[in-house]
Amino acid sequence: VGYDLNSQGDNFDPSRELAEQMIEFQTWSGAGIRGPIIELASKPEVLKVLDVFRELAEQKAIPSKGNELNNLSHQVLKVSEIKDKLNEKEYTQNKSKKTSSNMLSNRLKVLRKNSIIEKISGKAAYNITEVGLVVSGLLSNANQ
């Protein structure tokens with residue numbers, strides 16, 4: 001639990017009680033974070049997809065004075081973008097076997113099951129969740 005000391009504009013109201021201004025921050029030991037970390041840590045191929053997902057979201061995000069985590073979680077990533085970036089990375093690593101569409105689909109299912117990403121309704125696209133941002137930050141480049 002913490003307090004947002006950067007509240008500005010309409011969110012800044014010194015007359016409000018502190019109890020009303022508390023924000024619960026997720027930590028790595030929280031149940032919603034610990035479970036996905038434990039499951040994903042043993043899946044290096046899924047972690048590669050998560051690294052690519054985070055990298056693409058960061059590239060698309062427009063830097064702002066606002067909360068960058070929210071900015072990243074609003075980035076919509078198409079499956080084709082994810083696959084292209086993943087194959088590009090595999091090519092630069094001289095991997096002879098590229099990730100197939102079926103393999104990518106299975107890895108995205110694991111990320112969805114662990115609430116790391118959300119499917120955009122009616123589209124072949126996803127966005128990263130707030131839990132996904134925390135987990136991806138903690139496990140970034142875990143394969144290296």
Side-chain angles (χ1 to χ4, degrees), residues 1-13 16-93 95 97-144:
V1 175
Y3 298 96
D4 185 0
L5 300 177
N6 294 318
S7 293
Q8 297 176 5
D10 294 339
N11 294 329
F12 181 70
D13 183 2
R16 286 180 36 213
E17 293 184 30
L18 285 178
E20 295 172 1
Q21 299 178 57
M22 285 195 303
I23 299 170
E24 184 176 347
F25 291 103
Q26 293 276 1
T27 64
W28 66 271
S29 63
I33 303 296
R34 184 179 58 241
I37 288 175
I38 291 170
E39 182 158 348
L40 296 180
S42 64
K43 295 179 171 60
E45 297 303 319
V46 175
L47 287 176
K48 287 179 186 175
V49 174
L50 181 57
D51 285 343
V52 164
F53 209 100
R54 175 78 184 234
E55 184 180 334
L56 287 171
E58 287 175 347
Q59 287 174 2
K60 284 184 139 191
I62 299 169
S64 67
K65 292 181 182 178
N67 183 348
E68 192 169 324
L69 291 181
N70 286 336
N71 195 0
L72 289 178
S73 67
H74 288 103
Q75 301 306 312
V76 175
L77 301 175
K78 296 177 185 175
V79 173
S80 60
E81 291 176 292
I82 298 166
K83 186 173 183 203
D84 290 347
K85 185 67 171 180
L86 192 57
N87 284 333
E88 177 187 316
K89 283 182 167 268
E90 290 169 339
Y91 179 78
T92 59
Q93 295 170 352
K95 287 184 75 175
K97 188 175 181 184
K98 303 293 183 246
T99 301
S100 69
S101 296
N102 192 38
M103 292 162 65
L104 178 58
S105 176
N106 289 335
R107 293 170 189 162
L108 291 172
K109 284 179 189 174
V110 172
L111 293 173
R112 282 179 64 189
K113 183 184 100 175
N114 285 282
S115 302
I116 303 298
I117 60 173
E118 294 176 326
K119 181 150 179 28
I120 305 298
S121 182
K123 297 182 179 183
Y126 294 87
N127 65 336
I128 194 164
T129 64
E130 300 232 358
V131 169
L133 290 170
V134 173
V135 171
S136 68
L138 292 169
L139 297 176
S140 65
N141 299 312
N143 293 313
Q144 298 175 354

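FYI, side chains are in, hydrogens and waters are out, and symmetry mates aren't considered; it's all heavy atoms of this structure.
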dist Gln75:CD -> Gln59:CD (nearest 0.5 Å) comes out at 11.0 Å

Nearest 0.5 Å, what's the CG-CG distance between Leu139 and Leu50? 7.0 Å

For residues 77-84, which side-chain N or O atoms pair as donor and acceptor with protein atoms under 3.5 Å away, sequence neighbours left out?
from	atom 1	to	atom 2	distance (Å)
Glu81	OE1	Lys60	NZ	3.4
Glu81	OE1	Lys78	N	2.7
Glu81	OE2	Lys60	NZ	3.4
Lys83	NZ	Ser101	OG	3.1

Under a 4.5 Å cut-off applied to non-hydrogen side-chain atoms, are Thr99 and Arg107 in contact? yes

OG (Ser136) and CD1 (Ile37) are apart, to the nearest 0.5 Å, by 10.0 Å

Does Lys109 have more than 12 heavy atoms from other residues, nucleotides or ligands lying within 6.0 Å of its NZ? no

Less than 4.5 Å apart, side chain to side chain, heavy atoms only: is that true for Val135 and Asn114? no

State the CG-CD1 distance between Leu108 and Ile116, to the nearest 0.5 angstrom. 12.0 Å

Mind checking the CD1-CD spacing from Ile128 to Glu118? Nearest 0.5 Å is all I need. 10.5 Å

Residue pair Lys113 / Glu39, side-chain heavy-atom distance below 4.5 Å: yes

Do Lys98 and Leu86 touch side chain to side chain, with heavy atoms closer than 4.5 Å? no

Reported CG-to-CG distance for the pair Leu47 and Leu40, which is rounded to 0.5 angstrom: 6.0 Å

With side chains defined as the heavy atoms from C-beta onward, is the minimum distance between Glu55 and Lys89 less than 4.5 Å? yes

All heavy atoms of Ser115 vs all of Thr129, minimum pair found to be O-OG1, 2.6 Å

